[in-house]
Amino acid sequence: MINQKMPLVEFLALRQEVLNQWITGKEVNLEEAVAYQKTIKADKRFSAKLKQAALDKVTLVQPRAGVALPNDLKKLLKTLQDEGGADLLPTTIDSYTRHNRYIEAQTGIDESIRIGKSLLNGFPAVNHGVSVCRDVVEYLDVPVQVRHGTPDARLLAEITLAGGFTSFEGGGISYNIPYGKNNSLEKTITDWQYVDRLVGYYEERGITINREPFGPLTGTLVPPCISHSVAILESLLAAQQGCKCITVGYGQCGNQIQDIAAIKTLEKLSKMYLNRFGYKDVRITTVFHQWMGGFPQDEAKAYAVIAWGAATAVLSGATKVIVKSPHEAFGVPTAEANSNGLKATKQLTAMLKDQVAIESPMIVEEMNIIEAETNCIIEAVLKLGNNDFGLSALRGFEAGLIDVPFAPAQCNANKALPARDNNGAVRFLDFGNLPFDETLKAFHRQKLKERAETERRDVSFQMVIDDIYAVSKGQLVGRPR
Amino acid sequence: MINQKMPLVEFLALRQEVLNQWITGKEVNLEEAVAYQKTIKADKRFSAKLKQAALDKVTLVQPRAGVALPNDLKKLLKTLQDEGGADLLPTTIDSYTRHNRYIEAQTGIDESIRIGKSLLNGFPAVNHGVSVCRDVVEYLDVPVQVRHGTPDARLLAEITLAGGFTSFEGGGISYNIPYGKNNSLEKTITDWQYVDRLVGYYEERGITINREPFGPLTGTLVPPCISHSVAILESLLAAQQGCKCITVGYGQCGNQIQDIAAIKTLEKLSKMYLNRFGYKDVRITTVFHQWMGGFPQDEAKAYAVIAWGAATAVLSGATKVIVKSPHEAFGVPTAEANSNGLKATKQLTAMLKDQVAIESPMIVEEMNIIEAETNCIIEAVLKLGNNDFGLSALRGFEAGLIDVPFAPAQCNANKALPARDNNGAVRFLDFGNLPFDETLKAFHRQKLKERAETERRDVSFQMVIDDIYAVSKGQLVGRPR
Amino acid sequence: MEKSTVVIGVIGADVHAVGNRIIEFALDHAGFNVVNLGVMVSQKEFVDAAIETNAKAIFVSSLYGQGELDCRGFGDYCKEAGLNNVLLYVGGNLVIGKSDFEPVKEKYITMGFDRVYPPGSDINQGIEDLKHDLEIMD
Amino acid sequence: MEKSTVVIGVIGADVHAVGNRIIEFALDHAGFNVVNLGVMVSQKEFVDAAIETNAKAIFVSSLYGQGELDCRGFGDYCKEAGLNNVLLYVGGNLVIGKSDFEPVKEKYITMGFDRVYPPGSDINQGIEDLKHDLEIMD
Ligand code: B12
Ligand code: B12
């Protein structure tokens with residue numbers, strides 16, 4: 001980890017090592033890649049399309065999707081574009097690639113070819129290499145992003161950016177904590193500094209690549225202040241390496257007031273901290289993820305959850321919304337199910353775009369809470385790390401000052417526990433080591449006390465379990481039966 | 001039309017005439033019917049279930065459904081109850097019965113039996129008679145309501161209330177203006193005074209039958225003040241005849257602020273006017289109808305419209321919501337499609353029930369507008385009719401002081417024209433003879449001017465046409481292409 | 001050139017008035033002389049109006065699902081009344097329930113209609129077809 | 001009576017941790033001795049832990065869709081390691097995409113699992129079955 005923009009020579013030296021990780025690394029020629037990216041027109045670039053959406057105050061829709069084989073991927077993405085009306089497209093990477101297990105990914109490809117069906121849960125872009133990526137991206141009319149969950153995504157970034165993708169999701173924290181078990185945070189942050197430096201390199205050469213920290217983390221009862229803190233740290237880390245176009249994200253919690261307040265504060269706080277450290281020319285946009293937790297199995301009910309997410313996304317003013325499908329509870333959706341999620345979402349993004357979002361003192365109050373919480377965390381963390389962003393993150397997680405609920409990573413404290421309050425907003429039942437001041441703690445305790453009284457039971461882990469199941473069982477607050 | 005509770009002897013004399021309209025009228029014995037209604041337990045009574053819902057602050061869900069033959073109807077309603085989770089059930093009456101064309105209804109029944117498929121768009125309850133109705137109602141576990149659109153519903157009411165239904169939709173205005181062409185308003189109001197008197201009779205005998213004026217009227221860009229005015233007049237007319245349990249309704253316009261404000265003012269104003277005329281013991285609840293205009297054909301998009309209606313219903317605090325199905329644009333839904341509409345709706349009524357509705361000065365402002373408009377209309381109308389409710393309605397429509405957009409009835413002025421403003425709220429483009437004061441008129445003109453400027457076109461009928469198609473084409477405001 | 005007359009209306013006990021208004025507006029704008037009978041129109045009223053106004057076409061709408069019953073024998077009835085050259089178009093939600101359009105179309109063709117339109121059709125399609133059938137050039 | 005031991009974990013490169021936590025909590029409450037290997041567990045780790053702790057059952061979870069690849073030969077591998085009497089249960093989202101459960105079940109039975117659970121199964125069902133299979137009385 002370093003605390004400055006990685007010097008060019010150092011970066012270039014490191015590249016050789018990275019490109020040697022798998023055979024396809026050899027295909028990447030940075031000069032040629034820059035030239036290639038320059039041929040991609042504005043309407044197929046993430047940065048331009050997001051900028052326009054922010055100006056027009058509309059919410060763009062984007063699905064998740066990826067399959068093992070290039071031709072299937074092209075067909076799939078084209079359907080999502082033409083039938084589903086996706087404004088932005090993804091390419092979701094398979095789980096072997098995410099763990100740099102390229103040999104197993106190759107088995108997955110071979111097997112998929114053999115039985116004529118994708119056995120991988122995404123597209124193994126590294127194994128396929130640069131020219132296959134270009135072939136995919138060129139086939140489509142809208143910008144395409146790499147979405148994954150890869151702790152060490154250096155080679156993946158090299159190949160996909162040379163391959164014509166114009167946005168890259170992830171970060172050293174957000175693709176470690178929810179996506180791995182034994183990865184050292186120091187290493188993942190360092191590896192992502194490389195990715196950001198690569199994006200910074202393109203930027204120096206006049207090519208803006210959009211970067212998107214993964215907002216929802218574990219997708220499971222993550223209070224806004226936690227995901228905001230990660231988004232802010234990753235934005236600072238990215239800006240430091242020269243990224244200029246960042247989309248910060250948040251996964252819907254379900255209470256509309258909290259969700260609207262979350263998107264508003266996410267944008268505000270990200271900008272504030274970037275400004276504070278002098279990154280004034282970074283453009284911030286926001287992404288709202290439709291409900292990321294367990295879904296109802298019934299498709300009609302799933303549609304309702306999807307639509308509620310779409311509505312909240314627009315009314316919160318998010319720049320884009322990531323869409324779920326009615327198959328969510330079961331498995332990777334068919335192209336048709338995925339399109340249906342998009343169409344349902346688009347109906348509402350369009351129907352609601354002209355509505356003035358409701359202004360309310362209740363939203364302002366919730367914003368104040370989220371800001372206070374996030375500031376407590378970020379200030380404490382930055383202090384601990386002497387304003388060195390990477391070090392701050394590292395020490396912050398070590399000390400449990402940031403703590404992501406239900407994360408599989410061993411470097412996460414896993415002491416803080418969330419639960420819903422009586423109105424469905426996500427609060428803390430256990431603070432772990434979160435550096436909240438007494439006023440904030442009293443607020444959370446009071447909120448959970450209200451719920452406990454309504455439900456005539458004690459505040460306990462059973463509430464958390466009930467909350468985890470709630471949405472899939474048609475509730476928001478997991479009330480006792 | 002009379003302006004008092006119809007004297008009992010008069011009512012009983014009139015009954016003989018009504019019961020002679022069709023052979024099944026002979027089956028009705030009022031004494032026996034009262035005794036039968038007394039055997040129906042609280043959990044199968046509309047009045048009790050609505051009261052409880054209002055106390056619990058939950059929103060009940062109810063579908064529309066009806067087929068020609070009793071056994072099919074039983075099966076259909078049972079599916080909606082068990083699969084769809086309907087809290088309240090309907091029986092929608094076919095269009096021949098609505099026009100008292102019992103001979104054609106009989107042909108429809110016979111043909112339906114012959115080809116084994118319902119050729120009628122609803123259940124011809126009059127032709128089937130009292131005991132068949134009881135058989136249907138007894139088969140189910142939740143309360144059942146008669147939903148129709150019948151200008152002269154006297155015989156239908158006699159048969160269905162004796163048949164065990166515990167709620168009856170409609171009114172002399174709301175089942176004339178949108179549902180007929182040449183019906184005299186004087187006659188329909190008089191005929192509905194009979195229906196209300198019948199309900200009043202049951203009430204005197206200790207049986208509360210819920211009455212529900214039909215809120216959405218033509219379902220097509222009806223501004224809240226128009227439907228509110230009709231609801232208030234029909235509530236007064238019903239209360240005068242002794243009805244004590246009234247559910248006032250409103251059809252979703254699509255702008256959330258206007259919709260929430262509409263439900264809140266509907267309840268408030270109805271209570272206010274009932275109080276003013278001394279009907280202090282009438283219990284008022286509200287019903288929110290999911291979007292009543294043209295639907296998108298695509299089912300995923302239809303789900304989004306349904307879910308948006310469900311969400312707004314709960315957040316507005318409506319006591320119940322009437323549900324559409326994903327088949328809406330095509331035809332009467334199958335039991336499955338209808339259940340799917342219910343399930344999607346229930347997912348959100350349950351998920352959102354714990355959320356505090358957003359309080360906002362914008363909602364208060366919109367409430368003020370709706371109240372001012374409605375008061376202008378009602379005061380002018382009551383003045384014209386010397387506080388005689390029936391006469392007021394009659395003269396009010398004659399003078400165009402109340403004017404329902406797109407109504408087929410000749411007794412409606414059809415001069416006022418609605419269009420959406422720039423935020424999607426429904427305003428007036430042409431006031432016709434609506435008795436608005438200058439401040440209100442200036443407000444509407446200003447709102448439409450804003451839209452015209454945004455769209456760079458004049459305010460015109462083309463806007464209205466564009467608005468009529470908008471939702472089915474995935475918009476709310478019908479913007480020019 | 002003289003304007004051609006089209007009789008329009010919603011058949012049976014059907015009161016869906018919105019589409020009917022728009023059809024009137026669109027035909028009028030397209031240069032036709034429109035005789036709008038409104039909603040709840042009987043077969044007899046359609047035929048009488050067509051004879052009286054020397055109409056070139058009748059546009060029947062049926063939205064409420066009972067069109068199958070209402071439109072029975074419409075073609076024969078027109079022929080009996082001597083309306084041999086009048087074009088008969090029908091559109092709307094022509095049967096109860098969501099169903100394949102082909103069999104529905106056939107059913108109405110058998111009843112004597114020249115053209116049949118599925119739910120939510122663009123009225124401008126109907127107008128184009130009418131111009132084509134009447135050999136009117138734009 | 002001594003507590004029976006169950007080894008649990010999420011197989012392969014799968015990091016879905018939420019269900020795993022709940023399974024641990026539920027088995028623990030039901031009176032079992034739980035050895036939770038967490039997420040990203042290899043076949044070898046499952047087998048080693050089962051041998052070491054003298055486990056009566058292994059609960060494999062796979063959520064992320066690649067279970068078909070990860071679970072291949074699991075039964076044989078257990079047998080080779082001498083785990084002949086250990087019950088093998090598997091649950092989660094066992095294949096990619098929404099599909100009929102019967103063929104999925106068969107596929108996993110063929111791989112050597114004793115019981116197979118469809119997406120979103122109630123863990124208490126698994127616990128009941130386990131008690132039945134181990135002949136534990138409540
Ligand atoms: C939350 C979530 C995530 C979080 C996980 C956070 C974390 N680290 O835990 C995040 C966002 C990180 C994530 C990532 C991914 N996810 Co995910 N995720 C989900 C989601 C929405 C909920 C899972 C959950 O927590 N459920 C709640 C728990 C309580 O239920 P459960 O896990 O099903 O477990 C219960 C039962 O199944 C049962 N059970 C489970 N195992 C066993 C075993 C036995 C023996 C028994 C008896 C019972 C049993 O008991 C458990 C407790 O009640 C599901 C979809 C859904 N279900 O709605 C998708 C889902 C599992 N994810 C999926 C995918 C594809 C991914 C990604 C590959 C792609 C992506 N979207 O980025 C990555 C995978 C990364 C990796 N390497 O594993 C797919 C799997 C597809 C498939 N099988 O076809 C799903 C189904 C979504 C979908 N439809 O596409 N995901
Ligand atoms: C608004 C509406 C109402 C309003 C009507 C107000 C009024 N008086 O006009 C109210 C609430 C009163 C109502 C009542 C009923 N309705 Co209604 N209603 C609708 C709805 C939602 C929209 C209709 C509409 O205005 N569309 C907008 C206009 C512009 O489009 P359009 O009518 O389709 O017409 C266009 C095209 O079809 C085409 N077209 C039409 N005719 C022709 C003819 C030719 C030759 C051509 C070329 C083109 C053409 O051009 C028109 C202009 O663009 C539809 C469902 C939908 N479409 O989403 C149901 C619908 C038509 N109604 C239906 C039913 C069953 C009823 C009721 C029986 C039951 C009830 N729910 O109370 C009653 C019927 C009363 C009666 N006797 O007719 C059903 C019909 C079922 C079926 N066919 O299987 C529908 C389809 C809803 C459903 N899925 O159940 N309804």
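Proteins get letters first, then strands, A, B, ... in listed order; numbering begins at 1 in each. Computed from a predicted structure; not experimentally measured.
- For a residue to count as touching a neighbouring chain, one of its non-hydrogen atoms must lie under 4.5 Å from one of that chain's; by this rule A/Asp298 touches chain B with the side chain only.
- Counting only distance, with no hydrogens or angles, the side chain of A/Asp467 and the backbone of A/Val477 share no donor-acceptor pair below 3.5 Å.
- Only the side chain of B/Arg479 comes within less than 4.5 Å of a heavy atom of chain A; its backbone N, CA, C and O stay farther away.
- Panel note: side chain A/Thr220, backbone A/Gly293; no donor-acceptor pair is recorded below 3.5 Å.
- The contact between A/Gln256 and chain B is made by backbone and side chain atoms together, counting heavy-atom distances below 4.5 Å.
- Within the 3.5 Å criterion, the main-chain N or O of A/Asp87 finds a donor-acceptor partner in the side chain of A/Lys49.
- Looking only at heavy-atom pairs under 4.5 Å with chain B, the residue among A/Asp354, A/Ile358, A/Leu476 that has the most is A/Asp354.
- With a 4.5 Å cut-off on non-hydrogen atoms, B/Leu315 touches chain A through its side chain but not through its backbone.
- No other option in B/Thr454, B/Leu352, B/Asp421 has as many heavy-atom pairs under 4.5 Å with chain A as B/Leu352.
- Interface remark: of the candidates A/Gln347, A/Lys346, A/Gln475, A/Lys473, A/Gln347 forms the most heavy-atom pairs closer than 4.5 Å to chain B.
- Residue with the most contacts toward chain B among A/Gln355, A/Arg420, A/Glu299, A/Lys343: A/Gln355 (heavy-atom pairs, distance under 4.5 Å).
- No more than 12 heavy atoms of other residues, nucleotides or ligands shown are found within 6.0 angstrom of CD on B/Glu336.
- Environment of CD in B/Glu450: crowded, with over 12 heavy atoms of neighbouring residues, nucleotides or ligands closer than 6.0 Å.
- Of the options A/His327, A/Glu328, A/Lys301, A/Gln290, a side-chain contact (heavy atoms from CB on, under 4.5 Å) to A/Phe295 is made by A/Glu328 and by none of the others.
- Ring orientation note: the planes of A/His444 and A/Phe428 are tilted relative to one another, at an angle of 30° to 60°.
- Interface remark: A/Pro326 contributes no atoms to any contact with chain B (heavy atom separation under 4.5 Å).
- Between chain A and the options B/Ala344, B/Gly424, B/Ala307, the largest number of non-hydrogen pairs under 4.5 Å is found for B/Ala344.
- Your options are A/Leu342, A/Ile306, A/Thr345, A/Asn422, and the one with the most heavy-atom pairs under 4.5 Å with chain B is A/Asn422.
- Ionic pairing of A/Glu366 and A/Arg427 is present here: one or more N-O contacts between side-chain nitrogen and carboxylate oxygen are shorter than 4.0 angstrom.
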